[in-house]
Q: 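My questions will all concern the structure given below.
Each residue takes its place number in the sequence, starting with 1. Indexing begins at 1, ligand by ligand and atom by atom, following the structure's order.
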Amino acid sequence: MTTTPHLALHTLREGHGLPVLLVHGFPLDHRMWDDTAAALPSGITVLAVDLPGLGESPLGGEPPSIEAAADAVVVAARAAGIERAVVVGMSMGGYVALAAAERHADFVVALGLVDTKSTADDDAARANRLRIADAVSESRTVDAVLGMPGALLGATSKVARRGLTARLEEWIRSQRPDGVAWAQRAMAARPDRTEVLARFAGPVAVVVGEEDTLTPIEAAEHLVAAAPGATLVVVPAAGHMSAVEDAPAVANAIGDLWAVARD
Ligand code: MLT
C-alpha cells in the first residue's frame, strides 16, 4: 500500500486573493524562497511547500516520481483551503509545477518557471542521478550532494556573494538522505513536458540566471518558445539560484505574473 505524504506548507507572507505557491529546487527546501517572498509586493499570500522527504515533509510511501510529488503538493494546498494558485517552481520545483499543470489544470492558474527546463534527462544524466541516489542511500548521508553549491551558484556570486555557499551548504546538509535519494530517482524518471506548455491556458513567466550553467538560457528559451505568450526574464550576474542570488529580481517577475493572473 502507498500513502500520499502530508507535505509541510509554509506561509511566508500573509495576504489576500490569489495565492502564490512556491516549489523549491534540489536538494533544498522552502527556505530557498525566504528572500524572494520578502521581496514580493505586500498583500500577496505567499506559501512555500517542502517536497516529499525534504525540509519538514515526510517521505510517505509512494515510489519516486515527479507526478507523485505534484499530486502531493496539490493535496496539501487543497487541505489548507487553497483551490487555485500561481505555481512557481525552481528547477526540480519547475518539473513539479509542470506536472501539476498537466495533472491539475484547474489548480494551476499561472506558471512561473525559474531556472528550470521541460525536457527529460538523457541516458548519461539519468545514470548519474541513479548513481548519486544509490550513494546517498548506501551511505545514509548527503555527502554525495554536498558539493552542489559550486554548480548552483553563478560565477559572480561565488566571488561577490561569498556567504551564499555556506548558506546553501547548510540547507543541503540538513536534508534527509532518503528524501534526497527519492528526489533524484523521481527526476530521473520524469518525461519531457514541453507539450504541457503548449496546452497550458494561463500566463507563463520564465526566469533564468544569466550565469546558470545547469539550466542555461537556451533551456529557458525552449520553454518560452513552447508556451504561447510567455515572458522571459534573464537575471544578470546570477546563476541557477537566481531566486537566492538576486531575490528582488525574481520577486519582481513573480509579482508581474501574479498581477496578470489575478486580472
Ligand atoms: C535543482 O536545482 O533542482 C536541480 O538542479 C534539478 C536537477 O537536478 O535537474
Q: Distance under 4.0 Å to a non-hydrogen atom of Met187: what atoms of ligand 1 satisfy this?
A: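 Ligand 1 atoms under the 4.0 Å threshold to Met187: 6 (C), 7 (C), 8 (O), 9 (O).
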Q: So if I count the atoms of ligand 1 from 1 in the order they appear, which ones are less than 4.0 Å from some heavy atom of Met90?
A: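 This gives 2 (O) as the contact atoms.
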Q: Using the rule given for salt bridge (charged side-chain N to carboxylate O under 4.0 Å, His left out), can you reason through Arg167 versus Asp35, listing the C-alpha separation, both sets of side-chain angles and the distance that settles it, and then say yes or no?
A: CA-CA 12 Å; Arg167 197 172 176 207; Asp35 295 351; 3.0 Å; yes
Q: Give me the one residue out of Thr116, Leu113, Val235, Leu232 that meets side-chain contact (heavy atoms from CB on, under 4.5 Å) with Val208.
A: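 With Val208 as partner, Thr116, Leu113, Val235, Leu232 yield a single side-chain contact (heavy atoms from CB on, under 4.5 Å), made by Leu232.
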Q: Looking only at protein heavy atoms, which one is nearest to atom 2 (O) of ligand 1, and how far off is it?
A: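 Protein heavy atom at minimum distance: His240 NE2, 2.8 Å.
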Q: For Asp29 and His24, test the side chains for any donor-to-acceptor distance below 3.5 angstrom and give the result as yes or no.
A: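 No donor-acceptor contact under 3.5 Å links the two side chains.
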Q: Show, in sequence, the C-alpha distance, side-chain angles and deciding distance for Arg126 and Asp123, and conclude whether the salt bridge (charged side-chain N to carboxylate O under 4.0 Å, His left out) test is met.
A: CA-CA 5 Å; Arg126 197 172 296 120; Asp123 288 346; 3.0 Å; yes
Q: Kindly indicate, with the supporting measurements, whether the criterion salt bridge (charged side-chain N to carboxylate O under 4.0 Å, His left out) is fulfilled by Asp122 and Lys117.
A: CA-CA 13 Å; Asp122 60 20; Lys117 61 188 174 193; over 6 Å; no
Q: For the 3.5 Å polar cut-off, considering only N or O atoms, please tell me whether Phe26 and ligand 1 meet it.
A: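 Yes; at least one N/O pair falls below 3.5 Å.
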Q: Check contact between Met148 and ligand 1, using heavy atoms of the residue and a distance below 4.0 angstrom.
A: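 No, that is not the case, since the closest heavy atom of the residue is not under 4.0 Å from the ligand.
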Q: State the atoms of ligand 1, each with its element, that fall below the 4.0 Å cut-off from a heavy-atom position in Tyr95.
A: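 Selected atoms, number and element: 6 (C), 7 (C), 9 (O).
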Q: Ignoring hydrogens and geometry, is there a side-chain-to-backbone donor-acceptor pair from Ser57 to Pro52 under 3.5 Å?
A: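 Checked: no pair found.
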Q: Do we see a donor-acceptor contact under 3.5 Å between the side chains of Ser91 and His240?
A: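 Their side chains do contain a donor-acceptor pair, which is all the 3.5 Å distance test asks for.
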Q: Using a strict cut-off of 4.0 Å, indicate which atoms of ligand 1 neighbour a heavy atom of Arg129.
A: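 Listed by number with element: 7 (C), 8 (O), 9 (O).
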Q: Just jot down the ligand 1 atoms closer than 4.0 angstrom to any heavy atom of Gly25, in number order.
A: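 Within the 4.0 Å cut-off of Gly25, ligand 1 contributes 3 (O).
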Q: Of the protein's non-hydrogen atoms, which lies at the shortest distance from atom 4 (C) of ligand 1, and what is that distance?
A: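 Result: Ser91 OG, 3.2 Å.
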Q: Identify, by atom number and element, the atoms of ligand 1 in contact range of Met92, meaning under 4.0 Å from any of its heavy atoms.
A: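 With Met92 as reference, the close atoms of ligand 1 come out as 1 (C), 3 (O), 6 (C).
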